[in-house]
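Labels below follow one simple rule: chain letters A, B, ... track the order of the sequence lines, proteins then strands, and each chain is numbered from 1. Any value given below was found using the heavy atoms of this structure, including those in side chains, with hydrogens, waters and symmetry copies removed. Predicted model, so just to flag it, every value in this text is computed and none were measured.
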2 protein chains.
Amino acid sequence: MTSRRRSEMVEETRAKLIRAARSAFAEKGYSTASMDDLTAVAGLTRGALYHNFGDKRGLLAAVVDQIDAEMAERAHAIGSQAESPWEGLMAEGVAYIEMAMEPEVQRIVLLDGPAVLGDPSKWPSQNRCLHATMQTVQALIAQGVVKPVDAEAAARLLNGAALNASLWVAASDNPSEVLVRAVDAFRCMATGLLETPA
Amino acid sequence: MTSRRRSEMVEETRAKLIRAARSAFAEKGYSTASMDDLTAVAGLTRGALYHNFGDKRGLLAAVVDQIDAEMAERAHAIGSQAESPWEGLMAEGVAYIEMAMEPEVQRIVLLDGPAVLGDPSKWPSQNRCLHATMQTVQALIAQGVVKPVDAEAAARLLNGAALNASLWVAASDNPSEVLVRAVDAFRCMATGLLETPA
DNA sequence: TTCTTTACATACGATACGTATGTCAATCTG
DNA sequence: CAGATTGACATACGTATCGTATGTAAAGAA
């Protein structure tokens, strides 16, 4: 009855650890979160951790990857519903700004992630996300909608501006009000990339 | 002969500690840098550290403040030499991108700083810098050069884009070549703020 | 069934932070 | 000028946490 395959068990413990790590890292921050506490919450010990993820960084990498993948999926879903490709790009950027207001994203992906894992553009997840926006930009350039700038550079600047704006919004005293200002300015600045500012 | 005033001595030890911390944090990163090693290099012990800066974070805050102040000064000096106020703003942004290629700036201010000290916009130094660009933007709006967007939001987006671009440049395999692409795209995107894209 | 390997737990050592305490010189006080 | 006091820093200590080395029991192969 309790007979599940080994691989299933492993995936379950990995999931349990990642789940515990997400909340621990989000609440206490990476450096303050204790591996002992973390694993205890998951009903395990540090042994499981070092066996599955190598070290503390490895666990963070797994957590970041999961969150980032969710973000990319959500952003893409939102962007693909837009009227035009350009509006899709804008909606995607705005979605990033809004998502980054969640403590998990904020603390783990934007603050601790870069410090512990290094430049985000090297992460597999971030590469996927960036690649997506890059392709959108590329397509917009081909259509003559966006000026013929370097697609990668444009994508990175858009992402960077969006993510940075979220930090501001989240840290502000009145997030919902600041969010409007941030989104406005974001859309305005982004029009610089347009061939015809319309 | 060795009689210096107490305050002079204190300033000197603080300076020695900050100097040692700058190189240690830049080379090993904040978390890996050992307080024992760090103080030993400065010819002191951890006692001096905790007396002068409270704790490890306090030392990082002092280091960040120093570096950031230097950055603001350099950026302003460069920006004020420009032909027009708008070109000054652009030059300032580009200066940030270039400065962030230095390991000290990169590692300490952009990576560890936010993770350990929290949102950069709350730092006294960053506030000064941001305030400067904010005022520039404000002035440009008054002159009708820049669209009437929220000045703070615009300043933050510009800063964010610039700093993010630097991370990309510094982490790339061919920094000098990537720098050109980043600066190009930055200037292009920033024109979105202009009233008349010219 | 027996042997091997996998998945995790337990035990251990090392490092490093923060605090509590000690010391010595500089300044203040009478 | 002598004694008291404060401040600047060093030393000593306790504790927490990470990573590894070792142990163990169950799953799968032979």
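Rounded to a whole Å, the CG atom of B:Asp36 is 13 Å from the C1' atom of C:dA14. Atom CG of B:Leu59 and atom C1' of C:dA16 are 15 Å apart (whole Å). Rounded to whole angstrom, the span from the CG atom of B:Leu60 across to the C1' atom of C:dC17 amounts to 15 Å. Spacing between atom NE2 of A:His51 and atom C1' of D:dT22 amounts to 15 Å, rounded to whole angstrom units. The nearest whole Å value for the distance from the NZ atom in A:Lys28 to the P atom in D:dA16 is 13 Å. We find that CG of A:Leu49 is positioned 10 Å from P of C:dA9, with the value rounded to whole Å. For the pair B:Met35 CE and D:dT11 C1', the interatomic distance rounds to 16 Å; values are reported in whole Å. One interatomic measurement links the two molecules: NZ of B:Lys16 to P of D:dA8, which rounds to 15 Å at whole-angstrom precision.
Residues A:Leu38 and A:Leu59 have side chains in contact (heavy-atom distance under 4.5 Å, counting atoms from C-beta outward). Inter-residue side-chain proximity for A:Arg181 and A:Val169 is flagged as unmet; no heavy-atom pair is nearer than 4.5 Å. In this structure the side chain of A:Met99 never reaches within 4.5 angstrom of the side chain of A:Ser166, judged on heavy atoms.
Just one of B:Arg74, B:Arg107, B:Arg22 meets the salt bridge (Lys or Arg N to Asp or Glu O under 4.0 Å) condition when paired with B:Glu102; it is B:Arg74.
Among the nucleotides C:dC8, D:dC18, C:dG18, the one closest to any side-chain atom of B:Tyr50 is C:dG18. Side-chain proximity of A:Arg46 to C:dG18, D:dC18, D:dA8: nearest is D:dC18.
Looking only at distances, a side-chain donor or acceptor of A:Asn52 sits under 3.5 Å from a matching main-chain atom of A:Ala48.
In this model, the phosphate group of D:dA8 is not approached by any side-chain N or O of B:Asn52 to a distance below 4.0 Å at OP1 or OP2.
Mapping A:Asp55 and B:Thr13 onto DNA chain D by nearest heavy atom places B:Thr13 closer to the 5' end of the strand. Nearest-nucleotide mapping onto DNA chain D: of A:Thr32 and A:Gly47, the residue sitting toward the 5' end is A:Thr32.
Contacts of A:Ser34 with the nucleic acid, taken as non-hydrogen atoms under 4.0 Å apart, involve only primed sugar atoms and P, OP1 or OP2.
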